[in-house]
2 protein chains.
Amino acid sequence: MANLKQLAQSLGLSITTVSRALDGYADVSAVTRERVREAADKVGYRPNASARRLRKQRAELVAVTLPSDPGHIGPPHFLDMLSGCAEHLATAGLNLVIAPVPRGESELDICRRFVDGRRVDAMLLVRTKRKDERVEFLQSRGIPFVTNGRTESLMPHPYIDGDGFAGFRAATLRFHAAGHRRIGHIAGPQEYYFAHDRCRGWRAAMEECGLATDLCAEGAPLEQGGYLAALELLRQPSRPTALVCATDEMAIGALRALREVDGGNQISIVGHDDLPMGAFTSPPLSTMRMTGEHLGASFASLLLRAIGGEPAEELQELHAIEFVDRDSHRRPLRAA
Amino acid sequence: MANLKQLAQSLGLSITTVSRALDGYADVSAVTRERVREAADKVGYRPNASARRLRKQRAELVAVTLPSDPGHIGPPHFLDMLSGCAEHLATAGLNLVIAPVPRGESELDICRRFVDGRRVDAMLLVRTKRKDERVEFLQSRGIPFVTNGRTESLMPHPYIDGDGFAGFRAATLRFHAAGHRRIGHIAGPQEYYFAHDRCRGWRAAMEECGLATDLCAEGAPLEQGGYLAALELLRQPSRPTALVCATDEMAIGALRALREVDGGNQISIVGHDDLPMGAFTSPPLSTMRMTGEHLGASFASLLLRAIGGEPAEELQELHAIEFVDRDSHRRPLRAA
DNA sequence: ACGATTGTCCAAAACGTTTTGGGAGTCAAG
DNA sequence: CTTGACTCCCAAAACGTTTTGGACAATCGT
């Protein structure tokens with residue numbers, strides 16, 4: 001309701017002094033400072049955000065782009081993560097705006113709009129591709145950003161990611177140790193880093209074990225994609241006895257496929273993401289998930305440090321992946 | 001990179017003319033307009049958002065508060081809804097910021113910060129209480145807002161809500177028609193409008209059928225709350241044969257309780273929200289959900305119209321609730 | 001030929017802050 | 001009495017737009 005001018009007038013002080021008093025400068029006497037603060041409290045003065053932003057040349061905003069294509073938006077903890085991130089950012093005076101990508105526009109367009117319009121101080125990118133044009137753009141503009149997921153960019157950039165390679169390698173080796181020899185992989189679109197990373201992990205384990213790597217089918221990272229990919233693998237002359245799936249959603253699709261072929265309930269399966277749904281499928285879906293608590297806060301912290309100018313190399317977090325032991329990964333292994 | 005001044009200078013025009021040319025005023029000749037537009041395109045000029053906001057006295061932002069307490073954040077479609085809302089708002093030049101409530105602060109504090117700091121043009125409120133201090137505050141400030149859920153506020157305000165009363169009444173009558181006589185209700189915290197509304201629906205149906213309304217237990221709107229409430233009802237001397245639950249999450253908790261008492265699998269149950277999880281429980285959870293597509297767009301539209309000054313009475317949407325017929329609501333009815 | 005109208009353009013003000021670069025006044029030291 | 005340091009305060013500039021209220025020619029109606 002009140003602006004600085006009115007507040008200053010009512011106090012018989014200059015705008016400058018009031019402003020500095022509120023900011024706690026030593027420049028203004030303690031008694032004046034207190035007087036100003038009380039008056040400000042009384043009228044409920046809050047600086048006009050737009051004015052401050054203009055003057056300080058900071059938008060006080062961070063944007064996160066929400067991919068619309070394919071498969072909704074990440075796991076359901078995603079909103080919790082965003083919420084945690086926003087909460088942490090708020091303590092530094094930054095707000096988080098969500099920027100969904102309308103159809104007909106690319107994520108790059110969104111970045112351009114936000115960056116060139118000086119609407120944000122930094123950006124949060126999710127669902128990185130191996131070669132990600134958003135990353136290249138932001139790097140060329142010199143805007144701080146953090147990605148959820150790595151890229152193959154030559155220039156390093158801040159990220160938080162799960163070690164999909166190690167996780168999927170370990171899961172595959174676990175199947176091998178349990179006696180499986182025909183271990184299939186249901187892969188996500190390989191242009192996404194996470195999908196490629198996880199596929200590489202499976203492949204590496206297979207090669208280490210001296211097994212063929214032809215039991216691999218790719219699909220959209222959705223229930224339907226997993227379903228179709230699973231059917232494809234089940235048509236092979238030599239069926240897999242275990243399936244390592246790039247995502248839980250795909251794994252759930254695969255479970256549906258398994259139910260439709262006979263003997264399918266004999267096939268072990270594991271997914272990744274730890275969807276709450278997985279606890280209720282039959283059999284309950286074993287899965288994997290990135291370790292680490294308060295991921296949202298981590299993202300926020302990296303963003304703030306990136307804005308603060310810390311070099312990208314120091315702003316990279318690779319988290320281990322842990323196995324969530326339910327039931328679907330240990331179907332009895334039929335004699336070959 | 002470029003601001004209006006530089007662009008004007010390079011064109012040999014005044015700032016005024018360039019600004020108006022870009023805004024398409026008839027004030028500037030077609031040829032000049034084109035010349036300006038081309039130059040702007042070439043250097044990738046975008047008006048500085050903070051400057052425009054200050055000058056136009058509009059924040060170009062809408063905030064949505066994300067409740068942290070209890071039970072995460074609404075149904076999982078919630079993020080989809082936000083995404084749709086943000087997308088629609090973006091076409092009007094507004095961005096959506098998410099404002100989680102840090103512990104130690106109330107949602108009212110958040111509203112205050114956003115409103116008094118002129119950070120937003122409007123607000124989106126979710127999880128309304130029957131007597132909601134946020135609503136009262138925003139009304140007193142005259143800030144446009146839309147709620148997800150009604151309140152008992154005397155002054156009307158824009159909202160979108162599902163008709164929980166009708167939905168729960170209908171569900172209860174459905175059980176009655178199927179022969180049930182001891183129909184219990186697992187209620188959410190009654191200070192929330194939705195919980196109270198649904199409870200009233202159940203109660204109304206029971207009274208219409210001439211049945212006692214004592215089979216009602218309240219709990220937190222979480223799995224655990226539903227579990228405990230269900231146990232409470234199962235301890236009654238005369239057990240319910242059917243349960244109408246305020247939310248799916250509570251219903252899933254109730255299912256767990258039913259599994260733990262013998263004969264529990266004979267009890268019919270229905271929830272509300274249509275959680276994806278519900279499709280995988282055993283038995284698959286029958287549920288209810290608000291009808292209507294593109295809810296996010298509806299919210300955005302109401303917000304824009306509220307900002308435009310339309311009276312609240314014309315900005316209220318009450319959606320019917322539809323029954324989602326899975327399996328859990330028709331357990332065989334034992335002879336009484 | 002004259003005022004009125006129209007078509008282009010612009011200088012300056014305004015939005016509400018933060019920050020720069022001092023200006024008084026006081027006090028102590030020289 | 002001057003000088004410098006220190007304390008407390010302030011006027012004015014700056015941030016980059018949009019908008020107000022014309023200015024100046026050219027065209028039109030009579």
Side-chain angles (χ1 to χ4, degrees), chain A residues 1-37 39-40 43-61 93-95 113-121, chain B residues 1-37 39-40 43-61 93-95 113-121:
Chain A
M1 208 84 312
N3 59 18
L4 218 41
K5 175 141 65 168
Q6 292 163 18
L7 188 56
Q9 223 146 23
S10 81
L11 282 165
L13 288 171
S14 77
I15 292 182
T16 309
T17 304
V18 176
S19 172
R20 313 209 74 173
L22 292 174
D23 269 9
Y25 279 67
D27 211 340
V28 29
S29 75
V31 30
T32 310
R33 195 160 50 218
E34 217 32 58
R35 194 162 68 96
V36 170
R37 283 206 172 133
V43 302
Y45 167 79
R46 307 265 182 155
N48 180 302
S50 301
R52 190 198 21 248
R53 289 166 176 171
L54 172 59
R55 171 63 226 220
K56 302 196 87 162
Q57 298 286 77
R58 299 204 272 99
E60 295 180 356
L61 290 175
L94 295 177
N95 286 123
R113 171 159 43 253
F114 275 95
V115 167
D116 289 344
R118 291 225 173 42
R119 292 165 185 280
V120 294
D121 298 321
Chain B
M1 208 82 316
N3 59 18
L4 218 41
K5 176 141 67 166
Q6 293 164 17
L7 189 56
Q9 222 146 23
S10 81
L11 282 165
L13 288 170
S14 76
I15 292 182
T16 311
T17 304
V18 175
S19 172
R20 312 209 69 162
L22 292 174
D23 269 9
Y25 280 69
D27 212 342
V28 28
S29 75
V31 31
T32 311
R33 194 158 51 218
E34 217 31 58
R35 194 162 68 94
V36 170
R37 283 201 172 137
V43 303
Y45 167 79
R46 306 266 180 153
N48 179 302
S50 301
R52 188 196 24 244
R53 288 166 178 171
L54 172 58
R55 171 64 228 222
K56 302 196 87 159
Q57 296 286 77
R58 299 205 272 98
E60 296 180 353
L61 290 176
L94 294 178
N95 287 122
R113 170 159 44 255
F114 274 96
V115 167
D116 289 345
R118 293 230 169 40
R119 291 165 185 282
V120 294
D121 298 321

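In what follows, chains carry the letters A, B, and so on, assigned in the order in which the sequence lines appear, proteins first and then strands, with residues in each chain numbered from 1. What's counted below: heavy atoms across the whole structure, side chains too, no hydrogens, waters or symmetry copies.
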Might you point out which heavy atoms bring [X] and [Y] nearest each other, and give the distance in Å?
| X | Y | value |
| --- | --- | --- |
| A:Arg53 | B:Leu61 | NH1-CD1, 4.0 Å |
| A:Glu60 | B:Arg119 | OE1-NH1, 3.8 Å |
| B:Ala8 | B:Ile15 | CB-N, 3.8 Å |
| B:Ala59 | B:Asp121 | N-OD1, 2.8 Å |

Would you say B:Ser29 reaches C:dT8's phosphate, i.e. side-chain N/O to OP1/OP2 under 4.0 Å?
->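 For C:dT8, neither OP1 nor OP2 has a side-chain N or O of B:Ser29 closer than 4.0 Å.
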
Under 4.0 angstrom between B:Thr16 side-chain N/O and C:dC10 OP1 or OP2 |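 The answer is no; no side-chain N or O of B:Thr16 sits under 4.0 Å from OP1 or OP2.
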
B:Ile15 near the nucleic acid: base, sugar-phosphate alone, or nothing, with a heavy-atom cut-off under 4.0 Å?
->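 Touches a base.
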
Let me see the working for A:Asn48 and A:Asn3 under side chain to side chain contact (heavy atoms under 4.5 Å, CB included), right down to the final yes or no.
-> CA-CA 7 Å; A:Asn48 180 302; A:Asn3 59 18; over 6 Å; no

When A:Val28 is tested against each of A:Thr17, A:Asp23, A:Leu13 for side-chain contact (heavy atoms from CB on, under 4.5 Å), which residue passes?
-> A:Thr17

Residues of residues 18-27 of chain A with any non-hydrogen atom less than 4.0 angstrom from an atom of DNA chain C: list those, numerically ordered, please.
->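 Heavy-atom cutoff 4.0 Å gives A:Ser19, A:Arg20, A:Tyr25.
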
Any residue of residues 48-57 of chain B with a heavy atom less than 4.0 Å from an atom of DNA chain C |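 Result for residues 48-57 of chain B: B:Leu54, B:Arg55, B:Gln57, sorted by number.
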
Considering heavy-atom distances to DNA chain C, does A:Arg46 or B:Thr32 have its closest nucleotide positioned more toward the 5' end?
->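 Taking each residue's closest nucleotide, the earlier one in sequence belongs to B:Thr32.
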
Terminal helix-axis angle for the helix from C:dA1-D:dT30 to C:dG30-D:dC1, with five pairs defining each axis and rounding to 10 degrees |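 That helix has its two terminal axes inclined by roughly 60°.
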
To the nearest 0.5 Å, how far apart are CZ in B:Arg118 and CD in B:Gln57?
->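 Atom-to-atom, B:Arg118:CZ and B:Gln57:CD are 7.5 Å apart.
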
Sequence neighbours left out, what passes side-chain contact (heavy atoms from CB on, under 4.5 Å) with B:Glu34? Give chain and number order.
->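 B:Glu34 satisfies side-chain contact (heavy atoms from CB on, under 4.5 Å) with B:Arg37, B:Glu38 only.
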
Answer whether the closest heavy-atom distance between the side chains of B:Leu22 and B:Tyr45 falls below 4.5 Å.
->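 Yes, close enough: below the 4.5 Å cut-off.
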
Taken in chain and number order and not counting sequence neighbours, the residues that satisfy side chain to side chain donor-acceptor pair (under 3.5 Å) with A:Arg20 are A:Asp27

5' to 3' contact window, DNA chain D with chain B (heavy-atom distance under 4.0 Å) | D:dG16 to D:dT20

Determine yes or no for a side-chain-to-main-chain donor-acceptor pair under 3.5 angstrom, with B:Arg33 supplying the side chain and B:Tyr25 the backbone.
->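 Checked: pair present.
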
